[in-house]
Amino acid sequence: MPSYPPEPFRIKVVEHIRRISRAERQAAMRAAGFNIFGLRAEDIFIDLLTDSGTGAMSDRQWSAIMQGDESYAGARSFFRLKEAIESITGFGYFVPTHQGRAAENILCALLVKPGQRVPSNMHFDTTEANILARGGRPENLVIAEAADPHNRHPFKGNMDIGALRTFIEREGAANIPFGMVTITNNAGGGQPVSLENLRQISETYHAHGIPFFIDSCRFAENAYFIKLREPGYADKAPVEIASEIFSLADGTLMSAKKDAIVNIGGFLAMNDEQLYRRACNELILREGFPTYGGLAGRDLDAIATGLWEGLEVDYLAYRIGQTAYLAERLIEVGIPVIEPPGGHAVYIDAGGLLPHITPAEFPGQALAVELYLEGGIRACEIGSVMFARTDPRTGRMVHPKLELVRLAIPRRMYTQAHMDFVVDTLRAIAQRRASLHGYRITDAPELLRHFTAHFEPL
Ligand SMILES: Cc1ncc(COP(=O)(O)O)c(C=O)c1O
């Protein structure tokens, strides 16, 4: 039996959840058009849809909220957040935003011109969309190991440095307004990037005069993976590792809804004062005055406190240990998952579990629906519903390499018993896997269909 690290907190406030009856779950699922995004949260027992903005804030964060200064300009809350960001990242300038994608929007509005290219290990979907919205073209250059679900490479989020050099030479540095890396690599399974790789990325961008921005939503989880896995870092504190990471870059975009453990918020931080001034202009236009951005003063205080809490070593040992526990127990009962597990989620290989359901009949969708019907658990399909595309040249449907279901774990929210319940539910489903059937889409919008499509069982 894998070990489960004890939670480095105790519970002071609880939120009630309930498991409605199977007949009620069936009715709820039918009413939602067999789309888990259409379910009401109160009808869900364990919600593993996302780790973004769903974590539990601490007593220290709630008391920081009471200290929030709601002055329109120059609020104390702004300066408290500035101090936290500066101490951890070293960046001297920042603008608060309502969440991560607003920071992406500002950076892309300022720097991306039509036809320009922006490389990364893998862009998250909102980052990709913001680059495309400015006429730019994103490029993903993650190492080949990332595509193999059973390759246990310790840093599967690393960038392919050879491919990056070739890309810059081919496209020309003048056509690359900035380069990125995402830590951890959410789109690639929450996999970390090593410091050695981050140094090489930084050197490569800087050798060509290209500014380097880190998408750092899960920077603390990435720092902890470096502590665990990279030679020479075992004795360093996560905050020291985080500071070393940020020292390699010119700026960072962060959705604070992840490793700052808040329900809303984000920021764009940088070294360049000129860029900061331009960011302020964009911020005033789209979000708000530079000392509050898109947030209330109290939100800034919750982020300032959460940034430090997210870096505590006991918390990170529990956080990464909880994800590893869930993955190891699932492997133990014969459920195929992406290995090694990432920081914030466990990805089930639904295609491997349900080989009798073809990609065109959406095995990930079938598993996500069944998880709800069996256990009241909500998880997200990341497979052909989300990513299958018609090739405009051939008119044929192109399916993604893997048909996955993501179990994203909210921070400080669920206990070992909840994780065990998820394992038991999946074991029960796996035992009667042959009886599961595929789905057909009955109604879908043109873009981002996974959010609102309706389905019918086959
Ligand atoms: C890696 C990454 N970048 C950016 C974002 C966007 O952040 P937000 O949802 O706060 O807009 C997310 C959100 O999940 C993410 O995981």
Side-chain angles (χ1 to χ4, degrees), residues 37 47-55 94-109 118-133 138 140-142 146 156-159 178-193 198 201 213-223 225 242 245-246 249 251-269 283 286-287 293-295 299-300 302-303 306-307 310 319 323 342-347 379-382 386 404 406-411 448 450-451:
F37 285 96
D47 201 345
L48 305 181
L49 183 60
T50 175
D51 68 318
S52 178
T54 51
F94 88 101
V95 291
T97 58
H98 78 276
Q99 58 183 80
R101 68 198 68 184
E104 293 163 1
N105 178 23
I106 290 172
L107 190 68
C108 292
V118 182
S120 187
N121 49 352
M122 285 175 84
H123 291 284
F124 183 64
D125 59 8
T126 57
T127 326
E128 188 172 281
N130 269 301
I131 294 165
L132 289 168
N140 293 335
L141 298 170
V142 73
K156 264 169 128 173
N158 279 358
M159 247 173 132
F178 61 94
M180 291 188 71
V181 71
T182 309
I183 59 171
T184 57
N185 181 20
N186 184 7
Q191 299 290 333
V193 181
L198 285 159
I201 296 168
F213 280 81
I214 300 179
D215 177 343
S216 63
C217 304
R218 299 178 181 84
F219 76 99
E221 290 173 6
N222 200 103
F225 277 119
I245 292 173
F246 288 118
T252 188
L253 309 109
M254 179 166 181
S255 166
K257 297 167 73 174
K258 284 80 172 178
D259 277 358
I261 327 181
V262 290
N263 305 121
I264 195 74
F267 59 83
L268 168 62
L283 192 80
R286 298 171 197 284
E287 295 274 299
L295 295 165
D299 298 324
L300 306 184
I303 298 172
L307 278 171
R319 168 79 178 149
T323 309
H344 67 291
V346 175
Y347 292 70
C380 187
E381 190 265 8
I382 301 191
M386 206 179 256
L404 303 173
R406 184 182 76 170
L407 307 171
I409 308 180
R411 291 166 181 78
L448 298 172
H450 54 285
F451 288 121

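Both counts, for ligands and for their atoms, begin at 1 and track the order of listing.
- Protein residues having at least one heavy atom under 4.0 Å from any atom of ligand 1 are Q99, G100, R101, E104, F124, T126, T182, N186, D215, C217, R218, S255, K257, K258, listed by chain and number.
- Partners of F178 according to the ring pair (Phe, Tyr, Trp, His ring centres under 6.0 Å) rule, which considers only residues two or more places apart in sequence or in another chain, are F213.
- S255 approaches C217 most closely through the heavy-atom pair CB-SG, 3.7 Å.
- With a 4.5 Å cut-off on side-chain heavy atoms, K258 and R411 count as touching.
- With sequence neighbours excluded, the residues that form a side chain to side chain donor-acceptor pair (under 3.5 Å) with N105 are R134.
- Residues forming a ring pair (Phe, Tyr, Trp, His ring centres under 6.0 Å) with F219 (at least two apart in sequence, or on another chain): F246.
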**Prompt:** How far apart are the C-alpha atoms of R406 and T50, what are their side-chain angles, what is the distance that settles it, and do they pass the side-chain contact (heavy atoms from CB on, under 4.5 Å) test?
**Reply:** CA-CA 9 Å; R406 184 182 76 170; T50 175; 3.9 Å; yes
